[in-house]
Amino acid sequence: MKRLAVMTDVHGNIYALQAVLRDLKKQRIDSTFCTGDLIGIGPFSNQVCERLYSLKDMYIVRGNHDEAVLALMKGDPYPESRIDVQEHHQWVADHLYKRYAKWIESLPRQMVKEIEGRSFQFTHYPMDAKSSVLPISEDPFDQLVPPNGENFSQLEELEAETVLCFGHDHDVHHFSMNDRVFFNPGALGCNNVPYARYGIIEVEDGNVRFIKRQVPYPMATYLEHLNRIDFPRKEVILKLFQKNRRTHHDPTETYRISSDHYNESRK
């Protein structure tokens, strides 16, 4: 049996990432996959890149925030649809170490792995063959939104029984369509609860089991750190974490690690 970890949308949140990496050490993971958006939103892009770059058996693809920041660093066209975020991305670009920019640029948009007799595709967001070659300025990651079976049924290039792991949409998604399984464990570093989310996939004899995990991290400390830093769109970003948060804190929840199990067997 192989055990894979899948994470996505770290978004510069080094506090949430560290919590997940600590949890992974207990999980007997064979390989870890990250489906993009390492940087942007949170201000700790260099710290996140340093941790991910140093890990063994880590496979990573680029996300739209990653590519938008790179476009500004290289002087390439920036997506007009994200013009309200450009000042923030420029701040990230101005602070990102060049060695990490070069590393991110070397990452693919998607990868395919054969694991225990099943085909797995890892991408920041599913896209058809035409979109996969478009520059970030033409929004290649936003061609098949929202994420649902009807939109993803257009992905004719996918082989039958492929498991496609993605991110981009920060919510958790898990559904099947046309003998294919789509799995998004939810944003690791950008949500409004003090948990960092990721997934574990167990593969044995062609059968697949999905485990959704959420690990507590010091979100209050993270937000205090954000407040001490001046960067564009800080107030907007703080609201992303504060929206719909509980006003009454239940201390028992701080230490909870929950898992949601789901089996998908080959027929």
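Just so it is clear, the model here is predicted, and its values are computed rather than measured.
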Which residue pairs pass the side-chain hydrogen bond (donor to acceptor under 3.5 Å, both in side chains) test with at least one member in residues 34-49, sequence neighbours excluded?
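For residues 34-49: Thr8-Thr35, His11-Asp37, Asp37-His124.
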ask   = Can you list every pair that meets side-chain hydrogen bond (donor to acceptor under 3.5 Å, both in side chains) and has a residue in residues 229-241, with sequence neighbours left out?
value =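 Passing the test, one end in residues 229-241: no pairs.
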Quick one: CZ on Phe166 to CG on Leu144, what's the gap to the nearest 0.5 Å?
->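 Those atoms lie 11.0 Å apart.
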Does the Arg99 side chain pair with the main chain of Tyr97, one donor and one acceptor, at a distance under 3.5 Å?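 No: the side chain of Arg99 does not pair with the backbone of Tyr97.
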Original post:
Are the side chain of Asn184 and the backbone of Asp171 linked by a donor-acceptor contact shorter than 3.5 Å?
Top reply: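 Checking the backbone N and O of Asp171 against the side chain of Asn184, a donor-acceptor pair under 3.5 Å is found.
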Looking at residues at least two apart in the chain, or sitting in another chain, which of them share a side-chain contact (heavy atoms from CB on, under 4.5 Å) with [X]?
| X | value |
| --- | --- |
| Gln18 | Ile14, Leu21, Arg22, Arg51 |
| Glu50 | Tyr100 |
| Glu87 | Pro232 |
| Ile229 | Pro43, Phe44, Trp91, His225, Phe231 |

Checking Asn13 against Tyr217: is there a side-chain donor and acceptor pair closer than 3.5 Å?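 Their side chains do contain a donor-acceptor pair, which is all the 3.5 Å distance test asks for.
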_Distance-only polar pair, side chains of His170 and Asn191, donor-acceptor under 3.5 Å_ =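 No, because no side-chain N or O of His170 sits under 3.5 Å from a partner of the opposite role on Asn191.
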Q: For the residue pair His174 and Phe183, categorise the inter-ring angle as parallel (less than 30°), tilted (30 to 60°) or perpendicular (more than 60°).
A: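 His174 and Phe183: perpendicular rings.
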